[in-house]
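Here, residue 1 is the first one in the sequence, and each next residue gets the next number.
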Amino acid sequence: MHPNSVSSASEKQHIVIVGGGMTGGLLAVLLAEQGLNVTVLDGAPAPAMPEGAAQLRVSTLTEASHWLLRNTGVWDCLDLSRVQPYHAMQVWDQDGTGEVLFRAEEIGAKSLGWLLENGHLAAALYRKAATLPTLDWQCGVQVDALRRDAKTGQWAVRSGDSFWQADLLVGADGARSQVREQAGISGGPRDSGHHALVATIATQRPHDGCARQVFMETGPLALLPLFTGEGQDDQRQCSIVWSGWPQRIAALRDKDAAAFAAELQAAVGDALGPVTLLSERAVFPIQERHASQYISAGLALVGDAAHVIHPLAGQGVNLGLLDAAVLAEEVKRACEQGSGCADPSALARYQRRRRGENLLMQNAMRGFQSLFEQRALPVRWLRNTGMRWVNQAGPVKGFFARQAMGRSADLPAKARPPVWDARANRH
C-alpha cells in the first residue's frame, strides 16, 4: 500500500471536526491529504485574508509549527509580506539585573519563530482546504446537538435541519467546547489571576526582528515584532500582550492614549525609544484549562478544547497545531492498518503523546508566573542571578531556545524539516 494512502474501508469513513480555527483547520487539511472524508462545521464566517493594519490577535509560530505549514502547503497560501520572522528574543526582569538574550544563530537557526495574525493563518488554511476534494469546510454552522449511537458507534451531529454522521468526531471548538461537554469530559477553568491587554503600537526605533518580554510584579509584558504593512518595511510596529492583575489591566485599558503610552514607556524603558498607541485596546481574562482526558469513544479533543495555558510564552497555538499533527499521524497509521479512523488504540496513542507534554508546558508557565510575582528579596536575587547564569551558559541557553522552538524527539513527521537528525536534535 502506498505510504500516503488509506484502506478502501477507511475512505468510506467520515470525520467531522467541530470548529474551524487554526487547530481545527490544520487537522482537516492533514486528514484530507490522506484521502479521508472530512467535514468542518465552523460557527464563524468564512475566513478572509486581512488587509491594511494588523489585527489585534496575533500568534508566534515555532519552528515545528512552521514546518507543519510548509509540509502541508499552507505556508504557500500565506501573504508573506504579513509574516514577521524574529531572530532574537530578549527577556528581562524590570526590578533587577537579570536578563537573557537568545539569538537564532547561536543554535544554528535562521529564525527563532514567526509572528502572524490569527485571522491570517485561518484564512490560509481555508484557502488550502478549497484545493482538497475530500474536505468540506462549512462556515456559519452552529451545532445544535451531538449524540453517539451506541449500536453503530457513530456520532450524529445536527445543525438546524442538517445532519451529519461521524465515525470520528473531533472537538476543536475552543475553551468552552460543546464537544467536550457533550462527551462528559471535565475541563473546568482555573483562574490564572491575570487579564491580558492586546494592542498595536508604533516605536521610534526598529524592532530589528527581536521579540521582547519584561517581567514585572504585576505580570509580564511582551512586545512582538510586526510587519509594517502597506508595502513598508521600517520595522517600527509591535503587537503587545500585557498580562497582569485584573484591576491593573482595567486601569490601563481606560487611560487615554497618551497616558497609556506613558505607562508602557515606563514599563519597557528605552528598549525601542518613545512608543505610540496605534489601535484600540482589547482585554480578555486568562483562564487555564486542561481536560481530564483528550479522548472518548469515537471522539478526540484538540487545541483549546483540550488545554488552555497562560500566553506569557506564546506557546498555546503551537501546542494545538502539534495536537492536530499527532492525531492525524495516529489516524493515518490506524487507517493504513485497516483499523479505521476511530480506532481506540490510535486515539489512546494520541492522548499519551500529547497530554503529558501539554500539562508539562502548562505547569511551567504557571511556575514562571508565580516566580516573577514573588517580591521577597532572596527570591528576587536568586531569580536575577539565575537569569544572568543562563545568559552566560551557552549549552543551557541553547536547550531553552530549542525547547521554545518546538524541537523534540517525538515530533510528528509533518512537523520536521526535510532533513532531520533526531540524535543531534537539529537540522
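Taking each heavy atom of K128 and V74 in turn, the nearest pair found is CG-CG2, 4.0 Å. Contact detail for A334 and A346: the closest heavy-atom pair is CB-CB, 3.8 Å. Closest non-hydrogen pair, H87 versus K110, comes out as ND1-O, 3.1 Å. A pairwise comparison of heavy atoms in E330 and R349 identifies OE1-NE, 2.7 Å as the closest pair. For the residue pair C341 and V331, the shortest heavy atom distance occurs at O-CG2, 3.7 Å. The shortest non-hydrogen separation linking S296 to I185 is CB-CD1, 4.4 Å.
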Exercise for the section: Verify side chain to side chain contact (heavy atoms under 4.5 Å, CB included) between Q182 and L299, making sure each step is shown before the conclusion. Expected result: CA-CA 11 Å; Q182 189 63 37; L299 179 146; over 6 Å; no

Exercise for the section: For side chain to side chain contact (heavy atoms under 4.5 Å, CB included), just list the numbers for H307 and R355, CA-CA rounded to whole Å, side-chain angles, deciding distance to a tenth of an Å, and then say yes or no. Expected result: CA-CA 9 Å; H307 48 81; R355 193 171 187 278; over 6 Å; no

Practice task
Determine, stepwise, if the pair V143 / V179 fulfils side chain to side chain contact (heavy atoms under 4.5 Å, CB included).
Solution key: CA-CA 10 Å; V143 172; V179 175; over 6 Å; no

N/O donor to acceptor pairs below 3.5 angstrom from side-chain atoms of residues 273-281, sequence neighbours left out:
unit_1	atom_1	unit_2	atom_2	d
S279	OG	T200	N	2.8
R281	NH1	L252	O	2.9
R281	NH1	R253	O	3.4
R281	NH1	K255	O	2.8
R281	NH2	K255	O	2.8

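Atom CD1 of I201 is separated from atom CD1 of I240 by 5.5 Å, given to the nearest 0.5 angstrom. Considering CG of D304 and CD1 of I309, their distance stands at 9.5 Å, rounded to 0.5 Å. To the nearest 0.5 Å, atoms CG (L121) and OG (S59) are separated by 7.5 Å. Taking CG of L61 as the start and OH of Y86 as the end, the distance is 8.5 Å to the nearest 0.5 Å. For the atom pair CG (D323) and OH (Y350), the distance works out to 4.0 Å, reported to the nearest 0.5 Å. The distance from the OG atom of S159 to the CG atom of L41 is 7.0 Å, given to the nearest 0.5 Å.
Of the possible polar contacts, one joining the R180 side chain to the A305 backbone as a donor-acceptor pair under 3.5 Å is found. Under the 3.5 Å distance criterion, the side-chain polar atoms of Q293 are left unmatched by any main-chain donor or acceptor of Q351. Distance alone, capped at 3.5 Å, is enough to place a donor-acceptor pair between the Q235 side chain and the D208 backbone. A donor-acceptor contact shorter than 3.5 Å is absent between the side chain of H195 and the backbone of V283. Using a distance-only test at 3.5 Å, with no hydrogens or angles considered, no donor-acceptor pair links the side chain of N318 to the main chain of S65. The closest donor-acceptor contact from the side chain of R354 to the backbone of L319 lies under 3.5 Å. In this structure, the side chain of R148 does not engage the main chain of A183 through any donor-acceptor pair within 3.5 Å. A distance-only check finds a donor-acceptor pair linking the side chain of R82 to the backbone of G52 [under 3.5 Å]. A donor-acceptor pair is defined here as one N or O able to donate and one able to accept, closer than 3.5 Å; no such pair exists between the side chain of R289 and the backbone of V308. At least one donor-acceptor pair under 3.5 Å links the side chain of R212 to the backbone N or O of H207.
Sequence neighbours left out, the pairs with a member in residues 23-66 that pass ring-ring contact (aromatic ring centres under 6.0 Å, His included) are H66-W75, H66-W114.
Under 4.0 Å is where a charged nitrogen must lie from a carboxylate oxygen, and between R333 and D343 no such pair does.
A 6.0 Å sphere centred on CZ of R176 holds no more than 12 heavy atoms belonging to other residues, nucleotides or ligands. Counting heavy-atom neighbours within 6.0 Å of E51 CD, excluding the residue itself, gives a total of 12 or less.
For the side-chain hydrogen bond (donor to acceptor under 3.5 Å, both in side chains) with H14, the lone residue among T39, D136, T134, D167 that qualifies is T39. Screening R416, R353, K414 for a salt bridge (Lys or Arg N to Asp or Glu O under 4.0 Å) with E329, the sole residue that qualifies is R353. A side chain to side chain contact (heavy atoms under 4.5 Å, CB included) with E33 is found for exactly one of T72, N71, V38, namely T72.
Remark: the Y126 side chain and the D42 side chain contain no N/O donor-acceptor pair separated by less than 3.5 Å.
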